[in-house]
Amino acid sequence: MTTSDLNCGFLPLVDCASLVIAKEIGFAAEENINLVLHREPTWSLIRDKLAFGHLDAALVLSPLPIATSLGIGGVAERLDVLSVASANGNVVGVSKALQVRMERDFEGDFFSTYDIGKSLIKNAKRPLRFGVPFPFSMHKELVLYWLEACGLDTVQGVEMRTIAPSLMSDAIKANEIDAFCVGEPWGSVTIQNTGAHLVLPGSSIWTLAPEKVLAARNKWILENYEAAGGLFRATWRAAKWISDPNNLMAVAEILSRSQYVNVPAAVIDRALTGRIVTDQRGTEVQVPRFLEFFNAQARFPWRSQAIWIANRLSARHGLNPVTARRVARDCFRSDLYREFIAPLGEDTPGASEKIEGMLKTSTPVGSAKGKIVLGPDYFFDGEFFDFDGS
């Protein structure tokens, strides 16, 4: 087969690893793909380049293809999700001044999700200025879900500000935000540069939240089916390679290079291994499954997750919820996932939707070939979501 050039975009975050490793270890080349990676500075730019055909595919925030397919945000183009690229990987932090106020009445640990939320609400000025990387991001959805469940009227009480991940520390220094939710390594960088504190991992809000997804224009997939399948398999194999703990040092070293994340390998390694440093004193917390690339079917594009996102977007943007759920469900291509993985002989879930948040522990469930293990995937407040997509 002729080797094809494939232009794929990413932002410099630890969770771009499956795309980078697919290129650097050779999985893309084995699929006859010359993977040309484009490091972009903002999510709006990567969305626009993807929607207008300047990129063939990209790793993007999980709500972004849904929002773009719905025409929210000024750009309308059907984008399809070939797979989830990573789950979790975000941290929530607060400014040093806000942390001092919170410490007066709270002495819980890094996983006291409800108590931390109540303390944040009590001690923050109104409106609480919260930095997130993009209006259509899992960061924003998790923060709003968390604060709402802790009793805050987020319509009146929170001002969400869009800040590029690498600029989050600048926003804290300039007193433009009181708190932030961002993917690693930029939470750690913000701590190092500003004296801010990390108070919560995103995985404490939703244990297995789809964070980044591998997306492409629907038209491009139809016209480049073999290339789309090759890219899927290359990144899937890369994620499996990353899931071996023996390879994590190499992953950290590769990602640290200037053309990728461009921060020290030691900082990246902490995110890969879940050893999160929460303050300038060097307080370290071990976070189980802080960032998941492969296990528990983390890469499967569950249409129920797309519907959960659509419900929240439609409520905030005044869209017809039935239409929004249908569009979102069609974006998450579990059908293509099964087609593209077939040459690898790997098992897949037997269904394309599930009750989100129901699994408290790792649980064997029925699959195409017998049994696979799912979960845990619970929400911190014990709620679960069973949408039929109608």
Side-chain angles (χ1 to χ4, degrees), residues 88-133 138-163 165 167-207 209 267 270-271 274-288 290 378-383:
N88 305 336
N90 297 323
V91 290
V92 177
V94 299
S95 68
K96 186 174 182 179
L98 181 51
Q99 174 69 10
V100 169
R101 295 197 298 273
M102 290 174 63
E103 285 179 343
R104 295 171 186 167
D105 65 356
F106 174 72
E107 296 181 356
D109 62 26
F110 198 49
F111 305 100
S112 301
T113 313
Y114 186 77
D115 290 340
I116 292 170
K118 298 292 282 188
S119 179
L120 176 60
I121 293 168
K122 175 183 175 182
N123 289 285
K125 299 176 182 178
R126 297 290 185 273
L128 169 60
R129 303 169 301 167
F130 225 110
V132 293
M138 187 54 64
H139 311 79
K140 183 173 182 177
E141 299 307 330
L142 290 176
V143 167
L144 291 177
Y145 182 92
W146 171 47
L147 295 178
E148 288 161 4
C150 290
L152 182 64
D153 175 4
T154 56
V155 175
Q156 299 295 328
V158 180
E159 179 183 318
M160 305 298 281
R161 297 190 174 184
T162 300
I163 300 166
L167 300 179
M168 206 64 76
S169 61
D170 292 341
I172 283 284
K173 282 182 179 179
N175 192 32
E176 294 176 355
I177 55 175
D178 309 300
F180 58 88
C181 181
V182 72
E184 282 294 275
W186 303 112
S188 293
V189 170
T190 302
I191 299 310
Q192 293 172 359
N193 291 346
T194 71
H197 286 241
L198 299 182
V199 296
L200 196 71
S203 57
S204 284
I205 302 170
W206 186 2
T207 313
V267 177
R270 292 204 301 263
R275 296 178 294 106
I276 304 304
V277 173
T278 62
D279 55 42
Q280 284 188 330
R281 298 189 300 269
T283 305
E284 186 175 294
V285 179
Q286 183 68 50
V287 181
F290 172 76
Y378 59 89
F379 293 84
F380 85 98
D381 58 353
E383 294 291 326

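Counting begins at 1 with the first residue of the sequence. Just so it is clear, the values below take in all heavy atoms, side chains as well, and ignore hydrogens, waters and symmetry mates.
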Got [X] and [Y] here, is their nearest side-chain heavy-atom distance under 4.5 Å?
X    : Y    : answer
F111 : P201 : yes
V143 : I205 : no
V92  : F130 : yes

Could you measure the distance from the [atom1] atom of [X] to the [atom2] atom of [Y]? Nearest 0.5 Å is fine.
X    : Y    : atom1 : atom2 : value
T113 : L200 : OG1   : CG    : 4.5 Å
I177 : L98  : CD1   : CG    : 11.0 Å
I172 : K96  : CD1   : NZ    : 12.5 Å
R101 : S119 : CZ    : OG    : 10.0 Å
N175 : T194 : CG    : OG1   : 11.5 Å
N123 : K118 : CG    : NZ    : 12.5 Å

Legend entry - With E159 via salt bridge (Lys or Arg N to Asp or Glu O under 4.0 Å) - residues at least two apart: R161

Legend entry - Qualifying residues under salt bridge (Lys or Arg N to Asp or Glu O under 4.0 Å), relative to E184, sequence neighbours excluded: none

Minimum-distance pair of heavy atoms, taken over all atoms of [X] and [Y]:
X    : Y    : result
F110 : S204 : O-OG, 4.4 Å
H139 : V182 : CD2-CA, 3.8 Å
F290 : A271 : CD2-O, 3.4 Å
D381 : A149 : OD2-CB, 3.8 Å
T278 : V285 : CG2-CG2, 3.9 Å
P133 : C181 : CD-O, 3.4 Å

Inset, instruction - Could you go through the side chain to side chain contact (heavy atoms under 4.5 Å, CB included) check for L128 and L147 one step at a time? - result: CA-CA 11 Å; L128 169 60; L147 295 178; 4.1 Å; yes

Legend entry - Y378: partners by ring pair (Phe, Tyr, Trp, His ring centres under 6.0 Å), with sequence neighbours left out: none

Legend entry - ring pair (Phe, Tyr, Trp, His ring centres under 6.0 Å) partners of W206, counting only residues at least two apart: W308, F379

Determine whether a donor-acceptor pair (N or O, by modelled atom type, separation under 3.5 Å) exists between the side chain of [X] and the backbone of [Y].
X    : Y    : value
S169 : V189 : no
N90  : S203 : no
E284 : V277 : no
T190 : W186 : yes

Inset, instruction - Not counting sequence neighbours, which residues clear side chain to side chain contact (heavy atoms under 4.5 Å, CB included) with D279? List them please. - result: H197, R281, T283

Inset, instruction - Apply side chain to side chain contact (heavy atoms under 4.5 Å, CB included) to R126 and L152, showing your working. - result: CA-CA 11 Å; R126 297 290 185 273; L152 182 64; 3.7 Å; yes

Legend entry - Inter- and intrachain pairs under salt bridge (Lys or Arg N to Asp or Glu O under 4.0 Å), touching residues 173-183, at least two apart: R129-D178

